[in-house]
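In what follows, a structure is listed as structure tokens, so that the remarks can point back to it.
Chain naming here is simple, since letters A, B, ... match the order of the sequence lines and numbering starts at 1 in each.
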Amino acid sequence: MPDGTTPVLDVQDLKTVFRTRGGEVHAVNDVSFSLRKGELLGVVGESGSGKSVTMMSLLGLLPVPPAEIRGGRVMFDGQDLLQIPAKTLREVRGGKIGFVFQDPMTSLNPVFTVGYQIAEPLRKHMGLSKKAAAVRSRELLELVGIPDAEQRLLDYPHQFSGGMRQRVMIAIALACDPQVLIADEPTTALDVTIQAQILELMKELRDKLGMAVIWITHDLGVIAGIADRVMVMYGGQVVEHAPVHDLFSNPKHPYTTALLKTIPSIAGERAARLTVIDGQPPLVVGPPTACPFRDRCAQAMPVCATKVPSRYDVGDGHDAACFLVDPLEVAHAG
Amino acid sequence: MLDNPQKPLVSVRDLKMHFPIYAGLFRRRVGEVKAVDGISFDVMEGETLGLVGESGCGKSTAGRSVLRLYDITSGQIEIDGRQIGDTPQNQLRGMRPTMQMVFQDPQASLNPRMTVEAIIREPLDEHTTLTPTEKRDKVAELMDAVGLNRKFAGRYPHAFSGGQRQRIGIARALALNPKFIVCDEPIAALDVSIQAQVVNLLEDLQEKYGLTYLFISHDLSMVRHIATRVAVMYLGKVVELADRETLFADPQHPYTQALLSAVPEPDPSLARKTERIILQGDVPSPSKPPKGCNFCTRCPAAMDICKTGEPEYREIAPGRFAACHLHNPT
């Protein structure tokens, strides 16, 4: 539960570039956000919107080259993660910051037992003995709801189902009592009934352990169910950021509005026809010079093609990067 | 269908598709994966039958079996008045133009070495005697129909985005004026904002050409949008079938109820209010289905009889089918 105190993680103006033969791809452009203790921040966007790259950059998980972090500041625990040496960063990763990847099939090592893989961070980061690590591993498997934990520690990943593997991944990420857990599409590869199990588990764990969570997904339904605050990304930029109820009831950015309309609901009124966002998501080659959504935006204005909108505050912790809510433009138009 | 004047275009009875498992030194047959284990349904002319279920429930196998992309284990399939359940593959070829398929992954289902024009023209080459000019006109016409620019006919699939590639796949399926198209997760690989474009296209084409779809998907909210009737599969069997509104408003089978309640609702106030039914455990393996009802291991309403006797798939109300002991009159 957010308590409004100082953020555990504070990201300012993060900028990541990929050097490719076709030119520089600006995957993350001046992304800023902060995360408070016990808060669940949802990050939504389509593929290529830069949501995963943002999280990978702040943990130094991207291969350099082709990736290059051009600028920004990531304050965590009193230090800037972009400045500290690789060795110190390695202690933070998997220790104070846990990471759950999208695909539980490929992110576990098939030749080691699950018990070994859970114990690994415990021994590396916390310096536990083999015995102590085994005890803690069992507790962790029980925590994530895997029955018969003692026995299952000796099993290999292929002996677990997809949902169970994702639970193991969560157990590994939780091993060292992280202050921040970053979950990158943790339920996308799972079936809905299994997804529902994992979502319940995450809510429970968050309340029990009081950690802050960043939940990356493209599924607005998942976000609606668990997030406290939501950040919408498009073309490598944060286009809107708001408390969850506010975002769904009062979206300010045309992209968010359109996105909310395109998904059919399972309970509400059935639309005769789905609303479509025409065109394709952009590939941001070269530094951004205009609003990335302008080509698909129904409300695009001349100004949208001339400069990048900054994030304008619309009150109550809600901001949107759109000239429609720019006080200057509004005054101008009025 | 008592109160339904339409006639079925596709009629499937007790379809079974079991894949053998071979093991050991002599590759002896040690068992079988009952991917589809006795399903029956009709697809009415001009309607869209949604086929939903979780991964591994056999929905894709069912779709492919209906088109006889597999040699089925047993059962009857009637498409457009012809029995094709046991027709040999070489005779099936002549019937292929009436039944087509759109595949899930447009990346994998289009040959990267063929131009868009060659891909869409291939069915015409195989099944028609049109002249080259006529074929070119037909390809251009198809590209217009699915919203692709004619000028791109000479390009290769890699030059297109996912949504556009799916349009190429749809154009190819339409080339021979089919009556029946199986859409196997046509939108699963696409971004949210692109999914709506493809679904709208499929609906437009259905109206224009009077197509009948079997729409296979795990996305329940999308199925609610596109389907006329919906069949829910679990572990190789259809557990419930009803028309869209009834199924979503008042599901009868405990699995359907759990499945629908697990779908995340894109509305925070609603999502946090509704009581979810959280199923315990995982889907059993289709090579070792449980005794009795397939769902008895996870069913919140399981009774003693569910662990011994398999429930009969029967009509519980006009047009509504379910396989559950809760709905047995006895």
Side-chain angles (χ1 to χ4, degrees), chain A residues 44-49 145 147 160-164 187 189-197 199-201 217-227 230 243-249 255 258-268 270-281 296, chain B residues 52-57 147 160-164 189-201 203-204 218-226 234 244-245 248-249 255 258-274 276-285 298:
Chain A
V44 204
E46 296 175 73
S47 43
S49 62
F160 288 77
S161 66
M164 285 293 170
T187 57
L190 306 175
D191 284 315
V192 275
T193 59
I194 308 295
Q195 170 173 288
Q197 292 176 3
L199 291 179
E200 283 304 305
L201 172 71
T217 182
H218 64 265
D219 189 336
L220 283 163
V222 170
I223 286 291
I226 62 167
V230 188
V244 65
H245 288 276
D246 223 15
L247 185 92
F248 282 86
S249 59
Y255 175 63
L259 204 58
L260 286 171
K261 272 195 205 142
T262 55
I263 38 173
S265 154
I266 194 136
R270 182 181 164 275
R273 208 172 155 74
L274 294 176
T275 322
V276 163
I277 310 179
D278 280 320
Q280 305 292 330
R296 303 174 75 186
Chain B
V52 299
E54 298 179 271
S55 50
C57 72
F160 294 86
S161 67
Q164 287 172 316
L190 307 176
D191 268 322
V192 195
S193 71
I194 307 298
Q195 288 184 350
Q197 294 178 5
V198 172
V199 166
N200 280 353
L201 172 68
E203 286 185 322
D204 289 345
H218 65 270
D219 185 339
L220 288 148
S221 41
M222 209 47 107
V223 166
R224 176 171 183 251
H225 177 80
I226 196 171
Y234 184 79
R244 176 187 61 218
E245 297 305 335
F248 281 87
Y255 176 65
L259 191 67
L260 291 179
S261 92
V263 177
E265 186 64 30
D267 177 350
S269 36
L270 216 65
R272 279 154 221 242
K273 225 181 330 169
T274 44
R276 279 185 198 292
I277 307 168
I278 306 285
L279 288 181
Q280 297 303 317
D282 288 304
V283 187
S285 156
R298 299 171 82 197

Contacting moiety of Q195(B), where chain A heavy atoms sit under 4.5 Å: neither

Non-neighbouring partners of V44(A) that pass side-chain contact (heavy atoms from CB on, under 4.5 Å), sequence neighbours left out: L220(A), I223(A), V230(A)

E46(A) versus chain B, the contacting section by heavy-atom distance below 4.5 Å: both

side-chain contact (heavy atoms from CB on, under 4.5 Å) involving A258(A) - partner list, sequence neighbours excluded: I277(A)

When D204(B), V223(B), V199(B) are compared by non-hydrogen pairs under 4.5 Å with chain A, the top option: D204(B)

Contact class of H225(B) relative to chain A, heavy atoms under 4.5 angstrom: both

Q195(A) side chain to A262(B) backbone, donor-acceptor under 3.5 Å: no

Most chain B-contacting option - heavy-atom pairs closer than 4.5 Å, from H218(A), R296(A), K261(A): R296(A)

Spacing of CD1 belonging to I278(B) relative to CG belonging to L199(A), to within rounding of 0.5 Å: 8.0 Å

Top contributor to chain A interface from L279(B), N200(B), I194(B) [non-hydrogen pairs under 4.5 Å]: N200(B)

